[in-house]
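Notes for the one structure printed next.
Any value given below was found using the heavy atoms of this structure, including those in side chains, with hydrogens, waters and symmetry copies removed.
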Amino acid sequence: MENQFNNITNNSSSSIEASNQFSNKKTNRLDSFVSISELQEEAKKLLPKMAYDYYASGSNDQITLAENENAFNRIKLVPRSLVDVSKVNTRTKLFGRDISTPILIAPWAMQKMASQRGEIDTVEASKEFNTIMTLSSLSTTSVEDLSNASNGNPGWFQLYVFKDRKISEELVKRAESIGFTALVLTVDTPFLGKRTADFKNSFKLPNGLSLKIFERLMLSNLDGGLNQYFATMIDPSLTWNDLKWLKSITKLPILVKGIMCPKDAELALQYGADGIIVSNHGGRQLDTCPSTIEVLPYISKVVQGKVPLILDGGIRRGTDVLKALAYGANAVCIGRPIIWGLSSGGKDGVLKVLSLLNSELQLAMALTGINKVSDVNNSIIWDQNKYIKL
């Protein structure tokens with residue numbers, strides 16, 4: 001279906017060219033995968049249990065983890081007829097950068113548990129597909145190595161504010177000097193959620209891996225477990241005033257990641273956030289909180305286009321991407337799907353994921369009568385109240 005749709009659309013857009021470039025490579029085993037769920041099944045076969053459970057699990061009873069996906073299935077799209085959709089274009093722009101797709105790569109920790117090259121595979125794929133990757137602070141690749149692999153254009157850098165502000169300031173300066181173009185400040189982890197699988201597995205980094213970003217600061221020891229590590233590092237007294245402090249030490253735009261409450265969106269704007277990422281940390285923090293797609297429309301009403309608005313969590317189909325755009329997002333972030341692709345095929349696996357989702361997005365746009373991302377609006381969401389008098 002992926003290639004079939006690419007063949008009937010106009011191949012002049014860069015996003016479709018990126019999909020075709022990957023699709024036309026020499027046939028390999030990745031060609032047999034037609035969905036993210038199939039890639040997840042493959043990753044589960046290939047990864048050690050501890051690594052797979054770390055990537056796949058959520059907190060407590062994993063209700064929010066499931067809802068992040070299930071909530072999308074309850075939203076219905078309205079098909080349109082007799083619209084010229086011979087040219088469908090998924091290109092968009094964020095912070096002045098033209099990208100081929102509104103599908104971005106979320107920060108995910110410790111990617112060398114998924115492939116030998118880890119984050120380097122991911123950033124090379126993001127560059128080839130012309131989208132944006134965010135590097136996790138808990139990366140198993142150094143910022144310097146990532147910058148070299150991306151020819152000085154590594155994307156965005158995810159940041160925690162630590163108890164020792166000097167550590168955070170050092171990371172910001174390194175990120176700026178190396179070429180990162182934005183900071184993604186994670187604000188939803190004063191403490192880590194109760195991740196049962198990690199407790200049961202006594203999760204720790206496999207031998208030979210370390211948190212490269214912290215190595216030169218001598219802060220990469222996870223022998224006591226991830227929760228204990230975070231307890232010594234992350235500052236639970238963080239407030240909105242710390243966003244002001246962060247803005248005072250950098251010229252980079254700052255996106256605040258972890259916003260789930262409209263009031264917090266108001267505060268983020270008030271304190272100078274340059275972008276907002278609606279996220280519940282992939283269902284890994286407060287269990288039974290709403291899915292991200294449920295709260296997105298309410299946060300969109302607050303933001304009103306003043307800053308870029310990005311949805312993170314639960315994206316498994318191109319139709320999910322379209323629904324998020326219809327509810328007011330400028331883009332989406334995908335995390336676990338990238339890990340499943342990375343585990344299944346390294347860089348090519350990541351490209352496979354991006355190609356699958358972008359092709360599905362193109363098809364969904366065509367079937368709802370949409371030619372370009374900027375034309376997407378909530379009229380494509382089925383609401384029977386709109387038609388009750390018909």
- Please answer whether the main-chain N or O of Trp245 pairs with a side-chain N or O of Ser248 as donor and acceptor at a distance below 3.5 Å.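 Answer holds: yes.
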- Task: Report, as yes or no, whether the 6.0 Å neighbourhood of atom NZ on Lys44 holds more than 12 heavy atoms from other residues, nucleotides or ligands.
- Result: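 No, because the 6.0 Å sphere around NZ of Lys44 holds 12 heavy atoms or fewer from other groups.
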- Neighbour count >12 (heavy atoms, 6.0 Å) for atom CZ, Arg97: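 Above 12, so yes.
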Carboxylate-amine/guanidinium contact [X] [Y], below 4.0 Å:
{"X": "Lys247", "Y": "Asp274", "answer": "yes"}
{"X": "Arg165", "Y": "Asp235", "answer": "yes"}
{"X": "Lys173", "Y": "Glu170", "answer": "no"}
{"X": "Lys372", "Y": "Asp375", "answer": "yes"}

- Within-4.5 Å side-chain heavy-atom neighbours: Ile105 and Ile132: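 In short, these two side chains do not touch, never coming nearer than 4.5 Å.
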- Query: Less than 4.5 Å apart, any side-chain heavy atom of Ile381 and any of Lys76?
  - Reply: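 Not touching, per the 4.5 Å side-chain cut-off.
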Do the side-chain N and O atoms of [X] and [Y] include a donor-acceptor pair separated by under 3.5 angstrom?
{"X": "Gln62", "Y": "Ser57", "value": "no"}
{"X": "Glu144", "Y": "Ser147", "value": "no"}
{"X": "Gln285", "Y": "Ser59", "value": "no"}
{"X": "Glu119", "Y": "Thr140", "value": "yes"}
{"X": "Tyr52", "Y": "Gln40", "value": "yes"}
{"X": "Thr64", "Y": "Asn280", "value": "no"}
{"X": "Glu124", "Y": "Ser150", "value": "no"}

- Are Leu238 and Leu267 in one and the same hydrophobic cluster, where Ile, Leu, Val, Met, Phe, Trp and Tyr link if side-chain heavy atoms are under 4.5 Å apart?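 Same cluster.
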- Query: Which is it for Arg317 and Glu69 under the salt bridge (Lys or Arg N to Asp or Glu O under 4.0 Å) test, yes or no, and what are the steps along the way?
  - Reply: CA-CA 10 Å; Arg317 288 285 187 181; Glu69 295 184 44; over 6 Å; no
Might you point out which heavy atoms bring [X] and [Y] nearest each other, and give the distance in Å?
{"X": "Val373", "Y": "Thr90", "result": "CG2-O, 3.5 Å"}
{"X": "Asp188", "Y": "Ser279", "result": "OD2-O, 4.0 Å"}
{"X": "Val161", "Y": "Ser168", "result": "CA-OG, 3.4 Å"}
{"X": "Asn60", "Y": "Thr196", "result": "O-OG1, 3.9 Å"}
{"X": "Ala149", "Y": "Val123", "result": "CB-CG1, 4.2 Å"}
{"X": "Ser343", "Y": "Leu46", "result": "O-CD1, 3.5 Å"}

- Query: Just checking, Arg284 and Tyr54: is the charged tip under 6.0 Å from the six-membered ring centre and within 45° of the axis?
  - Reply: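 So Arg284 does make the cation-pi contact.
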